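Computed from a predicted model, the values in this text were never measured in an experiment.
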Amino acid sequence: EEAENQRKRWTRLTERVELQQTDFPLNEEEVAVLSIGTAEDIPDLLEIERLSYHGETPWNQKAFEHEMKNNRNALYLVLRVYDVAIGFIGSWFVEGEAHVTNIAIIPNYRRYGLASFLMEQMRHLAEADHNQLFSLEVRMSNTGAQELYRKLGFKDGKIKKAYYSEDHEDALEMSLVLKGHKKSGE
């Protein structure tokens with residue numbers, strides 16, 4: 001087990017994981033294709049954010065560069081249709097916890113189940129990497145996302161006051177105990 005921990009500490013997360021499923025059929029013509037994100041995807045991630053957040057980019061270029069180039073515990077998955085990026089999810093795998101840092105699907109591709117697909121794929125990778133917990137924060141006003149996460153098995157946690165720096169909105173912490181693990185006291 002110590003050897004496994006050493007390997008995890010020194011191997012980039014992107015080099016340790018392997019996608020189980022890469023294709024998500026949208027209709028008879030279109031298929032969304034999943035890949036592991038790289039620094040070359042940053043302009044696409046910024047565009048997805050702009051389209052998803054009314055022209056805003058909650059994570060700027062420098063933040064994504066740090067994630068992709070310097071954070072060995074960060075993992076991004078990118079969805080494309082006809083080579084055009086339409087969505088992504090980012091996560092950190094640290095000390096037994098897979099924490100979703102961001103997820104976005106451009107408006108034209110919402111309601112196809114792509115956010116669920118991204119969450120499920122990240123959960124599979126988290127389980128394969130022996131994480132015990134899958135967690136995230138979500139805006140209190142984003143009730144649609146909260147419903148999705150509950151459908152995926154996430155439980156509500158504490159409220160983090162003034163969590164978001166730009167507008168000081170509160171966040172709801174949510175988590176899911178991963179396969180083969182029980183929360184203490186269960």
Side-chain angles (χ1 to χ4, degrees), residues 1-22 34-39 41-42 45 48-49 58-79 87-104 115-140 142 145-146 148-166 168-186:
E1 191 172 307
E2 184 53 39
E4 174 66 14
N5 288 338
Q6 286 286 4
R7 184 182 74 79
K8 276 179 146 182
R9 241 190 313 273
W10 299 111
T11 306
R12 291 187 77 80
L13 181 54
T14 54
E15 296 166 10
R16 302 198 301 262
V17 298
E18 190 175 318
L19 295 174
Q20 298 302 304
Q21 181 182 350
T22 57
L34 186 66
S35 63
I36 293 175
T38 67
D41 294 314
I42 293 171
L45 302 187
I48 291 167
E49 281 193 323
W59 283 55
N60 63 28
Q61 172 127 3
K62 278 202 182 323
F64 280 122
E65 282 176 1
H66 175 77
E67 289 289 280
M68 302 280 195
K69 294 177 180 175
N70 302 324
N71 185 349
R72 65 178 57 253
N73 297 309
L75 176 63
Y76 281 77
L77 304 179
V78 181
L79 273 172
F88 73 92
I89 185 172
S91 190
W92 295 337
F93 289 14
V94 179
E95 295 180 8
E97 182 175 349
H99 184 80
V100 175
T101 54
N102 41 25
I103 181 170
S116 295
F117 176 69
L118 286 174
M119 291 291 291
E120 288 295 316
Q121 295 311 304
M122 191 63 81
R123 181 181 58 80
H124 288 304
L125 295 173
E127 288 172 343
D129 203 54
H130 308 292
N131 287 282
Q132 294 99 44
L133 195 66
F134 195 24
S135 67
L136 54 84
E137 289 92 16
V138 59
R139 287 180 176 276
M140 290 300 296
N142 195 345
Q146 291 173 32
L148 168 67
Y149 302 143
R150 288 184 191 109
K151 276 186 194 159
L152 294 173
F154 282 76
K155 303 289 183 221
D156 292 10
K158 66 182 178 191
I159 293 173
K160 293 182 170 182
K161 294 287 184 193
Y163 180 78
Y164 294 95
S165 58
E166 62 281 355
H168 307 294
E169 183 175 348
D170 296 348
L172 175 62
E173 202 172 70
M174 300 183 82
S175 62
L176 169 68
V177 177
L178 295 174
K179 233 183 248 170
H181 300 283
K182 287 192 174 188
K183 269 191 165 167
S184 53
E186 284 185 21

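Contact of the Leu45 side chain with the Met68 side chain is registered, since non-hydrogen atoms from C-beta on lie closer than 4.5 Å. Annotation: side chain of Tyr149 is not in contact with side chain of Leu176 (no heavy-atom distance under 4.5 Å). Looking only at side-chain heavy atoms (C-beta outward), Leu34 and Phe117 come within less than 4.5 Å of each other.
Taking CD1 from Ile89 and CG from Leu75, the interatomic distance works out to 9.0 Å, rounded to the nearest 0.5 Å. Between the CD1 atom of Ile48 and the CG atom of Asn102 there is a distance of 10.5 Å, given to the nearest 0.5 Å. Here the straight-line distance linking atom CG of Leu77 with atom CG of Leu79 works out to 8.0 Å at 0.5 Å rounding. Interatomic distance, CZ of Phe93 versus CE of Met122, reported as 5.5 Å (0.5 Å rounding). Separating the CD atom in Glu18 from the CG atom in Asp129 is a distance of 12.5 Å, to the nearest 0.5 Å. We find the CG-NE2 distance between Leu136 and His99 to be 7.0 Å, quoted to the nearest 0.5 Å.
Remark: the backbone N or O of Ile42 is not paired with any side-chain donor or acceptor of Gln61 at under 3.5 angstrom. Remark: side-chain polar atoms of Asp170 are paired, donor with acceptor, to backbone N or O of Ala162 under 3.5 angstrom. Judged by distance alone, the side chain of Ser91 and the main-chain N or O of Ala98 form no donor-acceptor pair under 3.5 Å.
Pairing each heavy atom of Leu133 with each of Ser175, the nearest pair is CD1-CB, 4.0 Å. The two atoms that bring Gln146 and Arg139 nearest to each other are NE2-O, 3.0 Å, heavy atoms only. Contact between Leu148 and Ser116 at its shortest, heavy atoms only, is CD1-OG, 2.9 Å. Across Lys160 and Glu173, no two heavy atoms sit closer than the pair CE-OE2, 2.7 Å. A pairwise comparison of heavy atoms in Gly96 and Asn131 identifies C-OD1, 3.2 Å as the closest pair. Of all heavy-atom pairs between Leu178 and Ala126, the closest is CD1-CB, 3.8 Å.
Looking at residues two or more places apart in sequence or on another chain, you find no ring-ring contact (aromatic ring centres under 6.0 Å, His included) involving Trp92.
Aromatic ring orientation, Trp59 versus Tyr76: perpendicular (interplanar angle above 60°, classes split at 30° and 60°).
Atom CD of Glu95 has 12 or fewer heavy atoms from other residues, nucleotides or ligands within 6.0 Å. More than 12 heavy atoms of other shown residues, nucleotides or ligands fall within 6.0 angstrom of atom CD in Gln21.
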- Message: Could you walk me through whether Asp41 and Phe88 satisfy the side-chain contact (heavy atoms from CB on, under 4.5 Å) test, starting with their C-alpha distance in whole Å, then the side-chain angles of each, then the deciding distance to 0.1 Å, before giving a yes or no?
- Response: CA-CA 10 Å; Asp41 294 314; Phe88 73 92; over 6 Å; no
- Message: Between Met119 and Ile103, does the side-chain contact (heavy atoms from CB on, under 4.5 Å) criterion hold? Intermediate values first, please.
- Response: CA-CA 9 Å; Met119 291 291 291; Ile103 181 170; 3.9 Å; yes
- Apply side-chain contact (heavy atoms from CB on, under 4.5 Å) to Asp156 and Arg150, showing your working. CA-CA 8 Å; Asp156 292 10; Arg150 288 184 191 109; 2.9 Å; yes
- I would like to know whether Leu172 and Asn142 meet side-chain contact (heavy atoms from CB on, under 4.5 Å); could you show each step before the answer? CA-CA 10 Å; Leu172 175 62; Asn142 195 345; over 6 Å; no
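Ionic pairing of Arg123 and Glu120 is present here: one or more N-O contacts between side-chain nitrogen and carboxylate oxygen are shorter than 4.0 angstrom.
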